[in-house]
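To start, the structure itself, in structure tokens.
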Number of protein chains: 2
Amino acid sequence: MTAESTRKSYHHGELPQALREATLAILAELGPEGFTLREAARRVGVNHRAVYRHFEDKRSLLAAVAEEGYRSLAVLLRAAVEATGSPSDVAERLVALCEGYLRFARGEPARYQVMFGPRLNSDGRFPSLELAIQEALLVLREELRKAGPASSSLARRDAGITLWSAIHGFSSLVLTQKVPLSERQLSRYVDTVMRPVVRGVLMTLARQ
Amino acid sequence: MTAESTRKSYHHGELPQALREATLAILAELGPEGFTLREAARRVGVNHRAVYRHFEDKRSLLAAVAEEGYRSLAVLLRAAVEATGSPSDVAERLVALCEGYLRFARGEPARYQVMFGPRLNSDGRFPSLELAIQEALLVLREELRKAGPASSSLARRDAGITLWSAIHGFSSLVLTQKVPLSERQLSRYVDTVMRPVVRGVLMTLARQ
DNA sequence: ACCTGAACACCGTTCAAGT
DNA sequence: ACCTGAACACCGTTCAAGT
């Protein structure tokens, strides 16, 4: 069942990475509720106690995976806006960003739910996690600076939160099947739902 | 510790209601992760197996609580729009609805997280839950009908999903502390974040 | 009809070793 | 330094009774 040949190979700092990968696999297969620390250890072929050498507890392992997720999200969002090939059409770029965001959430729903669920928001643990979130948000704010170069940075921050709220909320409703959405109509429907938000935000920003 | 005097009093269909109340209390005290079926049973003073007489499993009890939550939300939203005293200023009413929504989420965060988290979105179980969600959404769509009486019902549906996404997303980000928000600035900041969405949605609806 | 008790196969986490 | 084994106090759920 487990890969016997790799049993003895986690002696050079490879175990943390192997555990992160196992966590991703479990999340993909069993969802956020199905993840257990013991199953992650089982998959990489170590005693479950070995996990505690590298992660303080279960949440800490999930936080590490979430942090990687935020970095992937930032990369994907940047790629999505660049892929439009429209350096100046900010509305187009923002809608593309939203589509990228939803595709990210949909691609690995359980990971997204860990990233944005209630699991990790305790106290001030995981400061590097907060940092990674802010970096992902930065992509959004850079686009908004192009839209309203004369606007205040506070106004852009608020505009960013509006857009983020809308696309995060939409993704969340789609993931929990409150809003049905097939792959075929995804692009078109993201446009229908998010275009009004983009319009409203850009209008508000232009007035500042 | 537990109320000895109530031990013998669940013989007339009161147990289900008592369990729902205990669930709410546990969610409020310990959060969504802290809820267990056994603790709920403990609090009402019955063996944990007794729960299965009335609820198929743990999820089923949570679903019942979520369903009640959707009904409360619908009532609260209706009250919030009426409290504006502006029968014709739809933008004002929608912003008030958003503030009510956020206050609901904030008032009982764990319950909100159960309602909108990944816990209950399995298969086609709990059809009455879906119904309750749709009823809550109806408040939003009624307001939108006032905004664009000439618009198609499909356009209003989409506009409703846009608004719902934005306020749900904003609530979720506030609840998981991705966006800090103190009680003092709540009203003002809901306006800042949601007004652009309301504007964009109303503009789009008027064009149809 | 409604509730209980014992049992099963799991958890996350702690303590005390092993190499 | 890194991993293991046994133990603890929990879970949700099943089976077979009890009144």
Side-chain angles (χ1 to χ4, degrees), chain A residues 1-20 22-23 26-27 29-65 110 114 117-120 122 125-126, chain B residues 1-20 22-23 26-27 29-65 110 114 117-120 122 125-126:
Chain A
M1 274 286 145
T2 58
E4 294 284 343
S5 58
T6 62
R7 277 266 162 104
K8 297 269 165 204
S9 60
Y10 298 114
H11 291 269
H12 317 288
E14 293 174 20
L15 184 51
Q17 179 56 24
L19 286 169
R20 277 195 286 269
T23 300
I26 296 167
L27 289 174
E29 281 173 43
L30 307 172
E33 313 273 325
F35 170 75
T36 68
L37 189 146
R38 286 169 108 112
E39 175 64 14
R42 233 176 265 131
R43 294 204 179 197
V44 302
V46 295
N47 187 285
H48 64 275
R49 277 293 297 129
V51 178
Y52 289 89
R53 268 308 128 184
H54 305 279
F55 299 95
E56 214 183 320
D57 55 15
K58 187 188 177 184
R59 289 168 95 85
S60 177
L61 173 51
L62 285 173
V65 167
V114 167
R119 270 183 170 64
L120 306 173
S122 62
R125 275 184 88 187
F126 316 126
Chain B
M1 274 284 147
T2 58
E4 295 284 344
S5 59
T6 62
R7 278 270 163 103
K8 297 268 165 206
S9 58
Y10 299 113
H11 290 271
H12 317 288
E14 292 174 21
L15 184 50
Q17 180 56 25
L19 285 170
R20 277 194 286 268
T23 299
I26 296 167
L27 287 175
E29 280 173 45
L30 307 173
E33 312 272 327
F35 168 76
T36 68
L37 189 146
R38 286 168 107 113
E39 176 64 15
R42 232 175 266 133
R43 294 206 178 196
V44 302
V46 295
N47 186 285
H48 64 274
R49 277 294 298 131
V51 178
Y52 289 91
R53 268 307 127 185
H54 305 279
F55 299 95
E56 213 182 324
D57 54 15
K58 187 187 178 187
R59 289 168 94 85
S60 177
L61 174 50
L62 285 174
V65 167
V114 167
R119 270 183 171 62
L120 305 173
S122 63
R125 275 182 89 187
F126 317 127

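Residue numbers start from 1 in every chain, and the chains themselves are labelled A, B, ... in the order their sequence lines are given, proteins ahead of strands.
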Provide the Watson-Crick or G-U wobble partner of D:dC8, both distances under 3.5 Å; none if there is no partner.
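By the stated definition (distances under 3.5 Å), C:dG12 pairs with D:dC8.
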Partner nucleotide of D:dC2 by Watson-Crick or wobble geometry (both distances under 3.5 Å):
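C:dG18 is the nucleotide pairing with D:dC2.
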State which of D:dA17, C:dG12, D:dG12 makes the closest approach to the side chain of B:T36.
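The nucleotide sitting nearest to the side chain is D:dG12.
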Nearest to the side chain of B:Y52, which nucleotide is it out of C:dC3, D:dT13, C:dG12?
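Comparing C:dC3, D:dT13, C:dG12 against the side chain of B:Y52, the answer is D:dT13.
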Short side-chain N/O contact to C:dG18 OP1/OP2 from A:R49, under 4.0 Å:
no
Under 4.0 Å: is that the gap between some side-chain N or O of B:H54 and OP1 or OP2 of C:dC3?
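Yes, because at least one side-chain N or O of B:H54 sits under 4.0 Å from OP1 or OP2 of C:dC3.
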To the nearest Å, how far apart are [X] [atom1] and [N] [atom2]?
X     : N      : atom1 : atom2 : value
B:F55 : D:dT13 : CZ    : P     : 13 Å
A:R59 : C:dG12 : CZ    : C1'   : 12 Å
A:I26 : C:dG12 : CD1   : C1'   : 14 Å
B:E39 : D:dA9  : CD    : C1'   : 14 Å
A:E33 : C:dC10 : CD    : P     : 18 Å
A:L61 : C:dC11 : CG    : P     : 14 Å
A:L30 : C:dC11 : CG    : P     : 11 Å
A:L19 : C:dG12 : CG    : P     : 13 Å

Taking the side chain as C-beta and beyond, is there a heavy-atom pair between [X] and [Y] under 4.5 Å?
X     : Y      : answer
A:F35 : A:L61  : yes
A:V65 : A:V114 : no
B:R42 : B:E39  : yes

Earlier contact from the 5' end, DNA chain C, for A:R53 and A:L37:
A:L37
Assign A:H48 to base, sugar-phosphate, or nothing according to its heavy-atom contacts below 4.0 angstrom with the strands shown.
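The residue A:H48 makes base contact.
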Nearest-nucleotide check on DNA chain D, A:R38 vs A:N47; residue mapping nearer the 5' end is A:N47
Any idea which heavy atoms bring A:D57 and A:R125 closest together, and the distance?
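Heavy-atom minimum between the residues: OD1-NH2, 3.0 Å.
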Test log, rule salt bridge (Lys or Arg N to Asp or Glu O under 4.0 Å), inputs B:E33 and A:R59
CA-CA 12 Å; B:E33 312 272 327; A:R59 289 168 95 85; 5.5 Å; no
